[in-house]
Amino acid sequence: MNVLELFLLVLLAVAGLMAWSFRAQYRAVGERHARELADQRLQREAEVRAQVQRTAALFDRMVEGVIVVDPTGRIRLANRAAGDLFGFTPPATGRTMLEATRHHEVAALVTRLDTEPEVLSHELRLDGVSATRYLQINALALRAADGARDGAILVFHDLTRLRQLEAVRQEFVANVSHELRTPLSLIKSAAETLMDGGKNDPAVASRFLEIIDKHANRLTLLIDDLLLLARLDSDRVELHLEPVPLRASVQDVLDDFAIVARARGVRLDNSVPTGLAAKADPERLRQVLANLVDNAIKYGRAEGHVVVNGRSLDGGRVELILRDDGPGIPAEAKARIFERFYRVDKARSREQGGTGLGLAIVKNVIQAHGGEVRVESSPGAGAEFFITLPAG
Ligand code: ADP
């Protein structure tokens, strides 16, 4: 082998080695690239899966009910809220609207979309066995990319709570107007009587001035109570919490009512143990106790007995119990006496100067303290009011 042949052999060997190394490198790069692509695909699939799960969770947790139907009117997808509204188990795929909702009006909406592309704010009243519900429905015809009809989507908003609040608001406004109008018309007719000559007769004048004074006071009380309730509703009442010794606090209120109680022959007793304390705003607690003691004297038995007791409860709470021996509260009224303007005997309450707001204030003030109030009563056996408060 001459030098040239040797050189060529070495060259070939080097070329072979380079090609091998090149192939190896190329294969490694190719494999790495394929691995990277596979990784990217897996990552994209995981992202898509996560996105689908997020969308499904969102769809299912929506407050609004949603039903998507296919072009034949059968359900493709429905969320939990839709199932709850109509009483079916989602997704209810393949069922007709009528089968799932059992409501002709809802099923008819899908048909209506054949002529109208969109039905907005259609209102529906569902009369159930136990309650009536109000729904607002928005329906939209869906189109595929080629413009062909591709079913529809229906969104259901439950308006029931809103309607209930609206009814409560309307009733409240009607009650307030009525409560204001009664004393106002009495004041006005007394003023007219005075102007029509009554003022010239001192006896008539003083009688009608007393009427004006009494009803003006009633108006002031009513407006004060209304303003306080409005402030309690909007959390604008600042509570100055401090440990309040309950026996002393109850005694202060009983002392304030001593004259009123004596006039009705009612005995007031304080049996709250010494050392019992609540974490409360002393002025607000006084107001609560005053409302309850006032009621116990007013609605309890003439010549009767009102007693306030107290005890500690588990969980760092204390309880005050105010008992009278009057006619008590009828079973059907027990759940309602804490409502604004609710009275068992309207005439009796008005005659006693009640605003019908006392117990609503008691409930709101106690709840603002994080406490609770309830009543127990068997007709004829008196009423017992229980207040729980955090211990002081
Ligand atoms: P009012 O201004 O009419 O006293 P409240 O809200 O204080 O308003 O009380 C609501 C109603 O609850 C009263 O009108 C009365 O019918 C009833 N009530 C309250 N306390 C007693 C009680 N101790 N015994 C019997 N009925 C009561």
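Being a predicted model, the structure only gives us computed values, none of them experimental. Residues take their numbers from the sequence shown, with the count starting at 1. When a ligand or atom number is given, it counts from 1 through the structure's own listing order. Atoms considered below: every heavy atom in the structure, side chains included; atoms not considered: hydrogens, waters and symmetry mates.
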task: Considering heavy atoms of the protein only, find what lies nearest to atom 12 (O) of ligand 1 and give residue, atom and distance to 0.1 Å.
output: I337 CG2, 3.5 Å

- prompt: Quick one: CG on L289 to CZ on R284, what's the gap to the nearest 0.5 Å?
  reply: 13.5 Å

task: For E372, check side chain to side chain contact (heavy atoms under 4.5 Å, CB included) against everything at least two apart and list the hits.
output: T388

message: For atom 4 (O) of ligand 1, what is the closest protein heavy atom, and at what distance to 0.1 Å?
response: Y299 OH, 2.6 Å

- prompt: If only atom types and distance count, is the side chain of R340 paired as donor or acceptor with the main-chain N or O of L229 below 3.5 Å?
  reply: no

field: Salt-bridge present (E303, R267; N to O < 4.0 Å)
entry: no

field: atom 6 (O) of ligand 1: the protein heavy-atom neighbour that sits closest, reported with distance to 0.1 Å
entry: L359 N, 2.8 Å

- request: Go through ligand 1 atom by atom and flag the ones less than 4.0 Å from a non-hydrogen atom of G328.
  value: 25 (C)

- request: Please assess D114 against R149 for the test salt bridge (charged side-chain N to carboxylate O under 4.0 Å, His left out), listing each intermediate value before the final yes or no.
  value: CA-CA 9 Å; D114 290 341; R149 259 301 291 279; 3.0 Å; yes

F59 side chain near V66 side chain, heavy-atom distance below 4.5 Å: yes

- line: of all protein heavy atoms, closest to atom 23 (N) of ligand 1 is D324 OD2, 2.8 Å

- prompt: Does at least one non-hydrogen atom of G356 fall below 4.0 angstrom from an atom of ligand 1?
  reply: yes

task: Would you mind running through ligand 1 and noting each atom that sits below 4.0 Å from a heavy atom of K298?
output: 4 (O)

query: Can you tell me if N175 uses its side chain to pair, donor with acceptor, with the backbone of F341 under 3.5 Å?
result: no

message: Check this for me - ligand 1, V344, N or O atoms closer than 3.5 angstrom, yes or no?
response: yes

task: Report the nearest protein non-hydrogen atom to atom 14 (O) of ligand 1: residue, atom name, distance rounded to 0.1 Å.
output: R343 CG, 3.1 Å

message: Could you measure the distance from the CG atom of L292 to the CG atom of L359? Nearest 0.5 Å is fine.
response: 6.5 Å

message: Under 4.0 Å from a heavy atom of T355: which atoms of ligand 1 are those, numbered in the order shown and with their elements?
response: 2 (O)

message: Y342 versus ligand 1: do any nitrogen or oxygen atoms come within less than 3.5 Å of each other?
response: no

- line: The option among S349, G354, G358 carrying the non-hydrogen atom nearest to atom 3 (O) of ligand 1 is S349

Point-to-point distance, once rounded to the nearest 0.5 Å, from CD1 of I329 to CZ of R336: 13.5 Å

message: So, regarding A360 and ligand 1 (criterion: nitrogen or oxygen to nitrogen or oxygen, under 3.5 Å), is there a contact or not?
response: no

message: Students should be able to answer this: which protein heavy-atom is nearest to atom 26 (N) of ligand 1, and at what distance?
response: I329 CG1, 3.5 Å

message: Treating T96 as the side-chain partner and E99 as the backbone partner, does any N or O pair qualify as donor plus acceptor under 3.5 Å?
response: yes

query: Of the listed options (D345, L357, V362, N295), which comes nearest to atom 20 (N) of ligand 1 when hydrogens are ignored and any heavy atom counts?
result: N295

